[in-house]
Amino acid sequence: MSVTLQINGVQHQLEVSEDTPLLWVLRDHIELTGTKFGCGIAMCGACTIHLDGQPVRSCSMPVAAAVGRQITTIEGLASNAAARAVQDAWDELQVPQCGYCQSGQIMSATALLSENSSPDDAAIDAAMSGNICRCATYPRIRSAIKSASEKLS
Amino acid sequence: MLHRIQSSPAATMRTSRRGFLKLVAGTGAGLTLAVNMPAVAADSSATGANSAGNVDVHAFVRITPDDTVVVMIKHLEMGQGTFTGLTTLIAEELDARWDQLQPEHAPVDTARYKNLHWGAQGTGGSSAIANAFTQMRIAGATARAMLIGAAAELWQVARRDISVSQGVVSHTASGRSATFGELATAAANQPIPAQDSLRLKDPADFIYIGKENLRRKDTGKTNGTAVFTQDIQLPGMLVAVVAHPPRFGSEVTGFDASDALKVKGVVNAVQIPSGVAVLAKDTWAAMQGRDALKVEWDHSQAYRGNSTDMMADFRKRSEKSGPVASSRGNTSSVLGQAEKVISSSFQFPYLAHATMEPMNCVALINDTGCELWNGEQLQTIDQAVVAANLGLPADKVKINTLFAGGSFGRRANPNSDYVLEAVQIARQVKGTPVKLVWTREDDTRGGYYRPAYVHRVEAALDADGLPLAWQQRIVGQSIAQGTAFEAFMIKDGIDSTSVEGAANLAYSVPNLRVELHTVKLPVTVQWWRSVGHTHTAFSTEVVIDQLAKAAGKDAVAYRLALLKEHPRHAGALKLVAEKSGWGKPLAKGHYHGVAVHESFNSYVAQVAEIAVHEDGTFTVEKVTCAVDCGVAVNPNIIRAQMEGGIGYGLSAALMSEITLEDGQVQQSNFHDYQVARMRHSPQIEVHIVPSAEAPTGVGEPGTPPIAPAIANALAAATGEWQTVLPLKGARL
Ligand code: FES
Ligand code: FES
């Protein structure tokens, strides 16, 4: 089918079957490869994007469900103040190791801080435990979220 | 431009630790590869300039007129920080500006880019900084001398009056100065100075080595621009997803692709030795095509065993004596006469690496050669294996090395498993680039696991409670057997990767005997972050804790008394005891456990603090870690690697396990192959032992101590040691 998507503020029209997961539309059709494939079953968070500002696992969302909504990927985060604070904190604290999970981590952390500008440890656990990092950068992710939170308030 | 590759002969590494790679045309079985890796002694001095042999500056440093210093990185950046670490070494001796340095992965060229510990090009064994420390510094110092030579000629002044700082070459008396970029072309035409004319910096003068807050050089990882194999898109490229055998040893007898070909975007299906590949225009189509494929398998030669029986068999073997890995004194007779003998049996499951980026590889094959895009960890071997498979000379196989989304050993497959799979697909569609994509399920079930093991330890105490005899039997598969690494890893039938960390037990025990039963099974196995130490650190550090308790001694004091010959173990242990507040009262329901272990010439001690909750579950609250890795080149990366190593070991300690039933792997994805998440992650504090010893690796050594430290903390709470991994009772 022909679908129209709003991605990072830009309108894209493409031919794709409606059950194609949004992840593969973004990666293979639009060539926005910052959003990663890790598990395909909403268990790792590598594919996290924002749909109308809410964090969503794009591997498990059919493209049809994203029509008419604002899709934001890691490539389109720059305009968001919380995102900038998160990315700066990530750079400052040198969070990434292999880096493969980090787009998803940053999308989840940005969504968290947009909802709750000073999350405690329990809130961080709840919001971030869907994002696996096999390099186990968790302690730095936690510190970076707290540091971004301080900058934002 | 400081770039004259054609005119400079390939580097010859003259070094006492030089290894070499032998390619032998096999007898019908294809190609045999043998890597000879002599025993590596750590460099005794931090500045010993001669151990790197002759260093080819042009292979590693290229200065461009726009003032960029391109640094060729011979080791894969898979998260462990090679881009930053190797760049630090060059920057230090070159006196470059940090922001002008631009690392790139080196191409495959074994002569120039071999790992000096191996003789082959590749990354592993926590060897990147250890093998390249002096080599990279010499490359930096050489380039610096050539820049000075160019300036001296240009300005007609004496070389000794020229100084270099932060990417600028200056002559103070005349007030002249020039950037590296301005001198690049002239410097490239300078003769290469003799190595013995170079003086490496005194550590007191270091500006980068050992300093905090150098920005990591593997950039693009916080904005989605870093490129991994998974991200490669080439014109006309097809994506391949493979139907793999459901059991180890199953073979394809036939397939029907008619339904697969009905999936929009699917263009082809081809048989390969490891299954049937579906080729499509995009990943989702290839995945759906693979699911629609009907494959007939012949299971007659397949492995049909299950984990319970396998472990029972391993346990039975552990009761009998086996080939000796190391021995001193007269262990069996001392044990036979001893009054107090403590026996423990340990069990370790298969473990998948579960890298965040599942295995993948892009291959393009045409009549002239083969080009690969891969998170490439074993360049020399993969190049040779692929060349042999295609009947090409090795230099017709080009490899583009990309960032790897983790490896933990998985991408260093001695059989080139997934790389060869990509090649075997691509050779059937010549001229078309193919991206092989493994799903998480393929990756979890694809074998090459950390082998399962059983250990049995019997230890006798003397009247003072000190260990008198220690007998340890290890049962499990060999990682090196049948691979290119066999020649130097297996001696007299003992695979060193099965016994490392136990055969060389650091504690002073007068009678020690370590035996190994190597079991042959069709389940494929491979190194997994810290290799043999993943299991030997657990059994040895639990047993030593049991002995301390039996002797009525404090666990740290008991260890220290037995480590008099091993000051670096003791140093790490003392530091961690001090920093963790060992022996001081803890919050109610909290317990400490300790472990210390050397691996890859680095010494790591950890204290785990656990909390036992009312419902009986426990959580790991805090880990204090002390590491002695010689000169700390990048303290921030060392801390990051300890944190990561602990987190990786935490998954194995608390939850991860691959099991088999009727030969089939029971786990498939992160819902049943569980790994540590944010909510499981403890607070981690890392302390670095100050040292002037030669630097050693940090990618792996953080992993071994965490599981025994947790098990020992649990024993402090319950009085009993769990000896089967993963441990029971963690709050997941
Ligand atoms: S790829 Fe979507 S959650 Fe793992
Ligand atoms: S940084 Fe490697 S998986 Fe998170």
Side-chain angles (χ1 to χ4, degrees), chain A residues 16-17 19-21 23-25 27-29 31-41 43-46 73-75 77-78 86-88 90-92 94-106 122 124-142, chain B residues 77-81 215-216 218 220-228 230-231 233 239 264-265 281-285 287 353-358 403-408 437 439-441 636-637 640-641 643-648 650-651 669-671 675-684:
Chain A
V16 59
S17 68
D19 60 347
T20 306
L23 170 67
W24 297 114
V25 173
R27 288 186 53 83
D28 287 356
H29 297 266
E31 299 197 6
L32 287 171
T33 55
T35 306
K36 300 302 188 209
F37 164 62
C39 70
I41 59 162
M43 286 301 296
C44 80
T73 70
I74 185 81
E75 291 89 348
L77 264 190
V86 166
Q87 284 168 315
D88 287 351
W90 247 244
D91 285 332
E92 192 64 39
Q94 311 217 11
V95 173
Q97 291 188 25
C98 84
Y100 194 80
C101 74
Q102 298 295 345
S103 296
Q105 304 282 2
I106 286 169
I124 293 174
D125 282 351
M128 301 304 293
S129 283
N131 287 80
I132 292 172
C133 175
R134 285 296 281 154
C135 300
T137 60
Y138 303 120
R140 290 186 190 218
I141 290 175
R142 189 184 298 280
Chain B
E77 177 57 89
M78 46 189 157
Q80 276 59 51
R215 278 293 165 100
R216 275 183 79 119
D218 48 342
K221 293 180 174 180
T222 54
N223 59 16
T225 58
V227 177
F228 299 84
Q230 193 77 30
D231 304 329
Q233 299 277 10
V239 178
K264 198 160 166 279
K281 291 189 176 134
D282 61 83
T283 318
W284 179 242
M287 287 176 175
H353 301 75
T355 56
M356 208 66 227
E357 179 184 22
F403 287 151
S407 170
F408 318 113
V437 172
T439 62
R440 176 59 57 194
E441 289 78 8
N636 202 346
I637 289 180
Q641 285 312 299
E643 293 157 12
I646 289 166
Y648 200 71
L650 187 73
S651 295
N669 204 320
F670 288 124
H671 63 291
V675 298
R677 295 169 180 272
M678 179 63 92
R679 66 171 180 272
H680 308 116
S681 180
Q683 183 194 342
I684 300 176

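Here the structure is a predicted model, which is why all the values come from computation and not from measurement. Chain naming here is simple, since letters A, B, ... match the order of the sequence lines and numbering starts at 1 in each.
Heavy-atom distances place both the backbone and the side chain of Ala640(B) under 4.5 Å from chain A. For chain B, no part of Leu77(A) is nearby; none of its heavy atoms comes within less than 4.5 Å. Interface residue Met78(B): only backbone heavy atoms are found under 4.5 Å from chain A. Residue His680(B): no heavy atom, backbone or side chain, is found under 4.5 Å from chain A. Heavy atoms of Asp218(B) lying under 4.5 Å from chain A belong exclusively to its side chain. At a 4.5 Å heavy-atom cutoff, the contact between Phe228(B) and chain A is made by side-chain atoms alone. Interface residue Asp19(A): backbone and side-chain heavy atoms are both found under 4.5 Å from chain B. With a threshold of 4.5 angstrom between heavy atoms, Gln105(A) does not approach chain B through any atom at all. With a 4.5 angstrom heavy-atom cutoff, Ser651(B) touches chain A only via side-chain atoms. Contact annotation for Thr283(B): both backbone and side-chain heavy atoms come within less than 4.5 Å of a heavy atom of chain A. Looking at Ala354(B), the atoms closer than 4.5 Å to chain A (heavy atoms on both sides) sit in the backbone and in the side chain alike.
Looking at Ser103(A), its side chain does come within 3.5 Å of a backbone N or O of Gly34(A) through a donor-acceptor pair. No donor-acceptor distance shorter than 3.5 angstrom exists from the side chain of Tyr648(B) to the backbone of Phe408(B), with no hydrogens or angles considered. Checked by atom type and distance alone, the side chain of Arg142(A) never pairs as donor or acceptor with a backbone atom of Gln683(B) at under 3.5 Å. At least one donor-acceptor pair under 3.5 Å links the side chain of Tyr100(A) to the backbone N or O of Phe37(A). For Asn669(B) (side chain) and His671(B) (main-chain N/O), no donor-acceptor pair under 3.5 Å exists by modelled atom type.
Ranked by non-hydrogen atom pairs under 4.5 Å with chain A, the options Gly644(B), Gly81(B), Ala226(B) are led by Gly644(B). Annotation: maximal heavy-atom pairing with chain B below 4.5 Å, among Lys36(A), Gln97(A), Met43(A), occurs at Gln97(A). When Ile106(A), Ile41(A), Ile124(A) are compared by the number of non-hydrogen pairs under 4.5 Å with chain B, Ile41(A) comes out ahead. Between chain A and the options Gln80(B), Gln641(B), Lys264(B), heavy-atom pairs under 4.5 Å are most frequent for Gln641(B). When the candidates Ile74(A), Asp125(A), Ile132(A) are compared by the number of heavy-atom contacts under 4.5 Å with chain B, Ile132(A) comes out ahead. Taking chain A as the reference chain and counting heavy-atom pairs below 4.5 Å, the highest number among Gly406(B), Ala404(B), Ala285(B), Gly224(B) is found for Gly224(B). Contacts with chain A were tallied for Asn636(B), Ile646(B), Ile684(B), Thr439(B); Asn636(B) has the most, counting heavy-atom pairs under 4.5 Å. Among the candidates Lys281(B), Arg215(B), Glu77(B), the residue making the largest number of heavy-atom pairs closer than 4.5 Å to chain A is Arg215(B). Ranked by non-hydrogen atom pairs under 4.5 Å with chain B, the options Leu23(A), Asp91(A), Thr35(A) are led by Asp91(A).
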- Task: Check the pair Arg27(A), Gln230(B) against side chain to side chain contact (heavy atoms under 4.5 Å, CB included), reporting the backbone distance first and the verdict last.
- Result: CA-CA 10 Å; Arg27(A) 288 186 53 83; Gln230(B) 193 77 30; 3.3 Å; yes
- Go through the steps for Met356(B) and Val675(B) under the test side chain to side chain contact (heavy atoms under 4.5 Å, CB included), then give the verdict. CA-CA 11 Å; Met356(B) 208 66 227; Val675(B) 298; over 6 Å; no
- When you look at Trp24(A) and His29(A), which way does the side chain to side chain contact (heavy atoms under 4.5 Å, CB included) test go after all the steps? CA-CA 7 Å; Trp24(A) 297 114; His29(A) 297 266; 5.5 Å; no
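Taking the side chain as every heavy atom from C-beta outward, Leu650(B) and Pro682(B) approach each other to under 4.5 Å.
Partners of Arg679(B) under the salt bridge (Lys or Arg N to Asp or Glu O under 4.0 Å) rule, at least two apart in sequence or in another chain, do not exist in this structure. Every residue meeting the salt bridge (Lys or Arg N to Asp or Glu O under 4.0 Å) condition with Arg440(B), not counting sequence neighbours, appears here in chain and number order: Asp443(B).
In the model, Thr137(A) has a side-chain atom that pairs as donor or acceptor with a side-chain atom of Gln102(A) under 3.5 Å.
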